[in-house]
Amino acid sequence: MDPRALLLGLLFALAWSSAFTSARIIVAEAPPLLSLSLRFALSGALGLALGRLAGERLTLDRRAWAAIVVFGLCQNALYLGLNFVAMQRIEASLAAIVASTLPLLVALVNWVAFSERTRPLGVAGLAAGTAGVLLIMGTRLSGGADVAAVAMCVAGVVALTVATLTVKGATGGGGILSVVGLQMLVGSLALLPLGLALETWEVTWTPTLTAAFAYTTVVPGLLATWIWFLLVRRIGATPAATFHFLNPFFGVVIAWALLGERLGPLDAVGVVVIAGGILAVQVSRMRAARAT
């Protein structure tokens with residue numbers, strides 16, 4: 001892998017993993033759906049403006065528009081919407097661990113639904129990742145974690161799986177910044193009526209909340225998605241997804257360092273097992289791709 005792709009992958013993993021900690025800070029002080037809708041509106045407008053300045057031109061056909069809408073609804077409205085609501089009741093580290101199973105679910109869908117060839121190493125990775133998730137889930141649920149909130153995170157990562165499978169279609173026919181901006185606006189428009197119906201905008205803007213909101217708008221909101229599209233275009237979706245194996249580690253460590261969240265021995269073991277499972281799945285898929 002070339003050095004630029006390696007740097008992009010590391011930056012993506014850090015930015016993506018940090019989103020859970022900044023989101024946890026926001027939902028403690030602000031309504032989750034309305035704050036997320038505002039964040040998407042700001043990120044989307046910024047992405048379109050930067051795309052315009054960069055000279056990007058949109059030449060999207062019907063298929064590309066459909067992919068953008070599906071991606072915006074699944075990744076932003078469903079995945080992040082469910083996670084923001086869930087993180088009012090569970091820790092950021094637990095939400096990050098659930099979300100880190102994305103590569104395992106993508107591999108499972110490709111194997112079951114699309115008959116993608118899966119080698120023994122990939123099957124072992126899926127089994128290991130599942131075992132790691134069950135280990136952490138059992139520990140956290142027995143410790144009193146909110147079952148409904150965990151279920152929201154699970155539903156969210158399923159939606160993110162659908163979004164990931166549409167990435168290629170969503171980037172065709174347009175500049176990356178502009179496409180990222182459009183799918184952010186889709187998420188904003190989808191969440192706004194729900195937020196207005198279910199929530200009240202009552203926020204006391206503290207320096208911590210302001211910093212967390214600005215950070216999550218720019219870094220996980222715009223920068224991480226832009227880097228992900230660049231990485232997929234540069235090296236392909238399967239090699240790019242390898243960097244997700246860093247997310248369980250980064251997500252838990254950032255939440256521990258900034259929020260003081262617990263990190264028990266079984267959590268650490270589970271994170272290592274999940275990361276190893278993800279890595280095994282992606283290495284298996286890359287070997288299969290080279291063999292064809």
Side-chain angles (χ1 to χ4, degrees), residues 1-23 36-60 64-65 67-80 83 96 99-100 102-103 106 159-189 212-244 246-247 250-251 254:
M1 188 176 293
D2 64 272
R4 184 177 179 184
L6 180 61
L7 178 60
L8 287 173
L10 291 174
L11 289 174
F12 164 75
L14 277 170
W16 188 264
S17 301
S18 68
F20 299 93
T21 295
S22 59
L36 194 54
S37 179
L38 177 59
R39 171 199 144 175
F40 287 150
L42 294 174
S43 296
L46 182 59
L48 288 175
L50 291 175
R52 184 81 173 180
L53 289 174
E56 293 183 353
R57 294 293 181 268
L58 290 172
T59 55
L60 302 171
W65 275 111
I68 287 172
V69 171
V70 170
F71 190 87
L73 289 175
C74 290
Q75 173 168 297
N76 297 328
L78 289 174
Y79 164 66
L80 288 173
N83 271 271
S100 71
L102 169 67
V106 170
L160 183 59
T161 301
V162 176
T164 301
L165 295 172
T166 68
V167 167
K168 186 175 181 180
T171 57
I176 293 177
L177 282 169
S178 299
V179 169
V180 170
L182 286 173
Q183 55 93 7
M184 291 286 179
L185 293 179
V186 170
S188 178
L189 291 173
F213 191 86
Y215 176 84
T216 198
T217 298
V218 176
V219 180
L222 183 63
L223 184 62
T225 309
W226 177 63
I227 291 174
W228 174 248
F229 280 128
L230 284 177
L231 192 62
V232 170
R233 280 192 175 183
R234 188 174 184 86
I235 63 176
T238 298
T242 305
F243 288 98
H244 276 285
L246 296 171
N247 289 341
F250 284 152
I254 292 171

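These numbers come from a predicted model, not from an experiment. If you read the sequence from its start, that first residue is 1, and numbering goes on from there. For the numbers below, each heavy atom of this structure counts, side chains included, while hydrogens, waters and symmetry mates do not.
Taking every heavy atom of both residues into account, Ser22 and Ala19 meet most closely at OG-O, 3.1 Å. Minimum heavy-atom separation, Phe12 to Ala224: CD1-O, 3.5 Å. Taking every heavy atom of both residues into account, Glu56 and Ser178 meet most closely at OE1-OG, 2.7 Å. When every heavy atom of Ala45 is checked against every heavy atom of Leu185, the shortest pair comes out as N-CD2, 4.2 Å. The heavy-atom pair separating Cys74 from Ala163 by the smallest distance is CB-CB, 3.8 Å.
For the atom pair CG (Leu10) and CD1 (Ile227), the distance works out to 10.5 Å, reported to the nearest 0.5 Å. Atom CG of residue Leu46 and atom CG of residue Leu222 lie 5.0 Å apart, to the nearest 0.5 angstrom. Expressed to the nearest 0.5 Å, how far CG of Leu14 lies from CZ of Phe243 amounts to 11.5 Å. Atom CG of Leu36 sits about 8.5 Å away from atom CZ of Phe213, to the nearest 0.5 Å. To the nearest 0.5 Å, atom OG1 of residue Thr225 and atom CG of residue Leu230 are 11.0 Å apart. The structure places CZ of Phe71 at 5.0 Å from CD of Gln183, a figure rounded to the nearest 0.5 Å.
A side-chain donor-acceptor contact under 3.5 Å links Ser18 to the backbone of Ala15. Panel note: side chain Ser43, backbone Thr217; a donor-acceptor pair is recorded below 3.5 Å. A donor-acceptor pair is defined here as one N or O able to donate and one able to accept, closer than 3.5 Å; no such pair exists between the side chain of Thr216 and the backbone of Ala212.
Looking at residues two or more places apart in sequence or on another chain, you find no side chain to side chain donor-acceptor pair (under 3.5 Å) involving Gln75. For the side chain to side chain contact (heavy atoms under 4.5 Å, CB included) test, residues two or more places apart in sequence or in another chain that qualify with Leu78 are Ala159. Checked against salt bridge (Lys or Arg N to Asp or Glu O under 4.0 Å), Arg234 has the following partners two or more places apart in sequence or in another chain: Asp2.
Using cut-offs of 30° and 60° on the angle between ring planes, the pair Tyr79 and Trp16 is parallel.
Judged by distance alone, the side chains of Ser37 and Ser188 do bring a donor and an acceptor atom under 3.5 Å apart.
Between Leu80 and Arg39 the shortest side-chain heavy-atom distance falls below 4.5 Å. Between Phe20 and Asn83 there is a side-chain heavy-atom pair separated by less than 4.5 Å.
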Which is it for Val186 and Phe40 under the side chain to side chain contact (heavy atoms under 4.5 Å, CB included) test, yes or no, and what are the steps along the way? CA-CA 8 Å; Val186 170; Phe40 287 150; over 6 Å; no

